[in-house]
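In what follows, a structure is listed as structure tokens, so that the remarks can point back to it.
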Amino acid sequence: MAATLIDGKAFAAKVRGQVSEHVARLKEEHGITPGLAVVLVGEDPASQVYVRSKGKQTVEVGMNSFEHKLDVDTSEADLLALIDQLNSDPAVHGILVQLPLPGHLNEDLVINSIAPEKDVDGFHISNVGLLGTGQKSMVPCTPLGCLMMLRDHHGSLSGMDAVVIGRSNIVGKPMAQLLLGDSCTVTIAHSRTKDLPDVVRRADIVVAAVGRPEMVPGDWIKEGATVIDVGINRIDAPEKGEGKTRLVGDVHFDSAAARAGAITPVPGGVGPMTIACLLANTVTACCRANNLAEPEGLTA
């Protein structure tokens, strides 16, 4: 039986619609417009595209978008001064510094200079600690998007056996914490896990976030399991012509889809949810800053 396709593109559009409705209510009932500030240092082409997309979608849902594009040789002191300014600006509810930063800048120092309540990426050490101890925090966007899709597909996740492949601070570790928060039994696995195929085969939920193209074959997947593929890898595609490439995930899609109950595609799965959840986090931050009820369905 072929797996149900979890359409991240359609689900992200639904989330953006919810965000837009909540923004409209904040404006009408409280005279407040959520604001997202994005800081880009340098001219990395992929980062530029991503920042443009964030700005466009921010405006489309009715929020204020503040973009700060800095030269690649911007000093650490100048960048920290800008962040301090944004921390103090009441019109800015969310701050995102686009990564990666140029090599002369200390990413940890920069991230931890953002006010935790405005850290809509959820990378500040305070938010990491709050999430890890089950307290209210800002949650990293990609894991939050994965959780939303899992909740939408399954309803309750309580008691399910989940395996997260990958132990990064951005996806793997926070994903495990979110699944624990929904009462899953969670294993964090990685490339050095002994008997990795057997570990994955017992899982009702598999979240692959290891950054290796098609590392997880279909015969690792338990019949009927739900597979969330976070990986985005570009590989050669000679069938398309000389020098052509295509995007694949960390899971071998065709063989996994033949066994899974549900699976996200690459592209069009987890990817679109990341910006949608960034917008959701900004609304959440705005509500918390103004002691208003948080938007239902848009937080962990």
Side-chain angles (χ1 to χ4, degrees), residues 2-12 40 42-54 56-57 72 98-103 107 140-143 145-146 149 163-172 175 188-201 203 205-222 225-278:
T4 298
L5 203 65
I6 299 176
D7 188 339
K9 190 174 181 180
F11 195 76
L40 174 64
E43 298 180 355
D44 178 77
S47 292
Q48 287 182 322
V49 170
Y50 200 39
V51 166
R52 277 198 301 271
S53 182
K54 288 172 181 173
K56 180 173 180 286
Q57 292 188 38
V72 68
Q98 183 66 39
L99 303 178
L101 290 171
E107 286 190 357
C141 301
T142 299
C146 295
M149 289 191 290
V163 170
V164 179
I165 311 173
R167 49 184 166 172
S168 73
N169 293 328
I170 294 174
V171 180
M175 187 75 247
I188 300 181
H190 43 81
S191 59
R192 297 188 182 182
T193 297
K194 290 183 178 179
D195 302 320
L196 179 58
D198 288 338
V199 170
V200 177
R201 284 188 189 108
I205 295 169
V206 177
V207 180
V210 74
R212 295 190 180 185
E214 300 181 328
M215 173 183 163
V216 180
D219 65 4
W220 290 15
I221 304 300
K222 175 183 176 180
T226 300
V227 178
I228 305 293
D229 191 349
V230 181
I232 301 178
N233 311 284
R234 191 169 292 279
I235 64 170
D236 293 335
E239 71 278 5
K240 291 185 174 183
E242 187 176 350
K244 297 293 185 179
T245 61
R246 62 187 177 95
L247 292 177
V248 298
D250 292 348
V251 176
H252 186 275
F253 182 83
D254 290 342
S255 62
R259 293 177 60 85
I263 190 170
T264 58
V266 176
V270 174
M273 286 298 295
T274 299
I275 295 181
C277 287
L278 172 68

So, do D219 and S255 sit near enough that their side-chain heavy atoms are less than 4.5 Å apart?
no

Inter-residue atom distance R167.CZ - S191.OG, 0.5 Å rounding:
6.0 Å

Minimum heavy-atom distance between C277 and C141, given as atom pair plus value:
CB-O, 3.6 Å

Under the criterion side-chain contact (heavy atoms from CB on, under 4.5 Å), I'd like the reasoning laid out for V248 against V266: C-alpha separation, chi angles, the key distance, then a yes or no.
CA-CA 6 Å; V248 298; V266 176; 5.7 Å; no

Backbone of P238 reached by a side-chain donor or acceptor of D236 within 3.5 Å
no

Look at the side chain of D44 and the backbone N and O of S47, then say whether any donor-acceptor pair between them is shorter than 3.5 Å.
yes

Heavy atoms of P143 and I170 approach each other most closely as CG-O, 3.5 Å

Tell me, do Q48 and L40 make a side-chain contact under 4.5 Å, heavy atoms counted?
yes

List the steps and the verdict of side-chain contact (heavy atoms from CB on, under 4.5 Å) for W220 and V227.
CA-CA 11 Å; W220 290 15; V227 178; over 6 Å; no

Check: F253 and D229 side chains under 4.5 Å, non-hydrogen atoms
no

Between T264 and G269 the two heavy atoms that sit nearest each other are CB-CA, 4.1 Å

To the nearest 0.5 Å, atom CD1 of I165 lies from atom NE2 of H190 at 11.0 Å

Under 4.5 Å between any side-chain heavy atoms of V199 and V163, yes or no?
yes

Measuring only between side-chain heavy atoms, which start at C-beta, is M149 closer than 4.5 Å to V270?
yes

Trace of the side-chain contact (heavy atoms from CB on, under 4.5 Å) decision for M175 with C146
CA-CA 8 Å; M175 187 75 247; C146 295; 3.5 Å; yes

Are any of the side-chain heavy atoms of T142 and M273 separated by less than 4.5 Å?
no

E107 side-chain N/O to L101 backbone N/O, donor-acceptor pair under 3.5 Å:
yes

Separation between NZ (K222) and CZ (R259), nearest 0.5 Å, reads 11.0 Å

Is it true that K244 and E239 make a salt bridge, defined as a side-chain N closer than 4.0 Å to a carboxylate O?
no

Could you walk me through whether V200 and L196 pass the side-chain contact (heavy atoms from CB on, under 4.5 Å) check?
CA-CA 6 Å; V200 177; L196 179 58; 3.9 Å; yes

Single hit among I232, L247, N233 for side-chain contact (heavy atoms from CB on, under 4.5 Å) with P213:
N233

As an exercise, state the distance from OG1 of T193 to CD1 of I188, rounded to the nearest 0.5 Å.
10.0 Å

So, taking the atom named CD1 in I263 and the one named OG1 in T226, what distance separates them when rounded to the nearest 0.5 Å?
10.0 Å

How long is the gap from NE2 on H252 to CD1 on I221, to the nearest 0.5 Å?
12.0 Å

Give a yes or no answer on whether the side chain of D250 reaches the backbone of R212 with a donor-acceptor pair at less than 3.5 Å.
yes

E214 vs V251 side-chain heavy atoms within contact, under 4.5 Å:
no

Closest non-hydrogen atoms of A260 and A3, given as atom of the first, atom of the second and distance, are O-CB, 3.2 Å

